[in-house]
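Written out below as structure tokens is the structure these notes cover.
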Amino acid sequence: MEKKKSAFYERLESKGVSRRDFMKYCTALTATMGLSSSFVPKVADVFAAPAQRPPVVWLHFGECTGCSEALLRSQYPFIDELVLEVLSIEYHETIMAAAGYQAEENLHNAVKKYAGKFICVVEGSVATKFNGGYGKVAGKSFLQIAKEVVPKAAATIAIGTCAAFGGIPAAKPNPGGYMGVGEAIGVKTLNLPGCPPNPINLVGTVVNYLLLGKLPALDDKGRPLFAYGKTIHDQCPRRAHFENDEFVTEFGSEEAAMGYCLYKMGCRGPETYNNCPIAKFNEGTSWPVEAGHPCIGCSEPNFWDTMTPFYEEM
Ligand code: FSX
Ligand code: SF4
Ligand code: F3S
């Protein structure tokens, strides 16, 4: 175990990531997951000395691959660490070397070999009209693939608003009858919406599973409460107002409020459940409202239709 750990830290160093940076990441991840700081060393061990590597089958349906892109650019774990050390990715169209019949065979073999044991991650929504005719991979409709693979998984994670709720492919007039994977085939999925979702919420979900042996607690829409338990507005640094001519902000400093609330520019923060203000994007650099753009409600059910026209007050 100790040998495994020191080899892990050596690999990190060789990639220019110090042990200190890694522990900082684990502290942020532990806080995001809603666990007390006493869990930080245990969270670190999930990466440094994983006891098990759950097999993952990652399916792509109707989407833009932004969810995979967001994950591939996650600061840590670097995707190769995530792929090779924490998870055993058996099938993922964007990153696997196999193509054509060989790729199909990989999928078939993985589902057979790990039946009842693998985690299925679904990215993108499923066309349901015309026998699923509006979306196919290798001559099979998304609908058919979802029906064949998803029920055999130990758990299914719908990553991104498309897979969770239908998302952009399901926007009006939606001729193909696109919908979220759970609704399309009548199963319960763990939903990580966002267009794109924040990769830290996938990592948090997986680490929760590996550390505590179960999936995190969910709300009535299948979203982990640790990430989607509060609205954007409830955590927003722009939530500031004047009181007796005094500038008052409940969250952070006056500088952090950076000007004023974007509500009149159409901000959907008050009706959007997500942890963007805390988790942020691009290595914790910023998030839409901090960058001066109103939240467009990208992680809510029925995004896009119920959130447009953007820039109009709710
Ligand atoms: Fe959807 Fe993923 Fe939006 Fe894109 O692939 S959640 S279109 S950012 O990224 O599925
Ligand atoms: Fe709420 Fe949006 Fe204003 Fe922030 S910018 S306080 S989320 S309405
Ligand atoms: Fe999406 Fe709003 Fe966050 S637009 S990325 S939920 S701030």
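Note that ligands are numbered from 1 as they come in the structure, with each ligand's atoms numbered from 1 the same way.
Ranking protein heavy atoms by distance to atom 2 (Fe) of ligand 3, first place goes to Cys295 SG, 2.3 Å.
Listed by number with element, the atoms of ligand 1 under 4.0 Å from a non-hydrogen atom of Gly160 are 6 (S). Shown in contact with Gly297 at under 4.0 Å from a heavy atom are these atoms of ligand 3, numbered in order with element: 4 (S). Atoms of ligand 3 lying under 4.0 Å from any heavy atom of Cys298, numbered from 1 in the order shown and given with element: 1 (Fe), 4 (S), 5 (S), 6 (S). Numbered from 1 in the order shown, with element, the atoms of ligand 3 that lie under 4.0 Å from a heavy atom of Trp287 read 7 (S). Atoms of ligand 3 found under 4.0 Å from any heavy atom of Asn274 (numbered from 1 in listed order, with element): 6 (S). The ligand atoms of ligand 3 that sit less than 4.0 angstrom from a heavy atom of Thr272 are 6 (S).
Considering every non-hydrogen atom in both Gly222 and Leu218, the closest pair reads O-CD2, 3.7 Å.
A donor-acceptor contact closer than 3.5 angstrom links the side chains of Tyr91 and Glu93.
Taking 4.5 Å as the limit, some side-chain heavy atom of Cys236 sits within range of a side-chain heavy atom of Val289.
Residue contacts with ligand 3: Pro288 is included, with a non-hydrogen atom under 4.0 Å away.
Cys64 lies apart from atom 2 (Fe) of ligand 1 in this respect, since none of its N, O or S atoms is found at a distance under 2.8 Å. For Cys276, the nearest N, O or S atom to atom 3 (Fe) of ligand 3 falls under 2.8 Å. For residue Cys236, no N/O/S atom approaches atom 3 (Fe) of ligand 2 to within less than 2.8 Å.
Of the options Gly124, Cys162, Ala158, Ala163, the smallest heavy-atom separation from atom 7 (S) of ligand 1 is shown by Cys162. Proximity annotation for atom 6 (S) of ligand 1: of Ser68, Gly167, Pro196, Gly194, Gly194 comes nearest, heavy atoms only.
The part of Cys267 lying near ligand 2 is the side chain, judged by heavy-atom distances below 4.0 Å. Heavy atoms of Ile168 found under 4.0 angstrom from ligand 1: none, in either backbone or side chain.
Two rings, from Phe22 and Tyr9, have their centers less than 6.0 Å apart.
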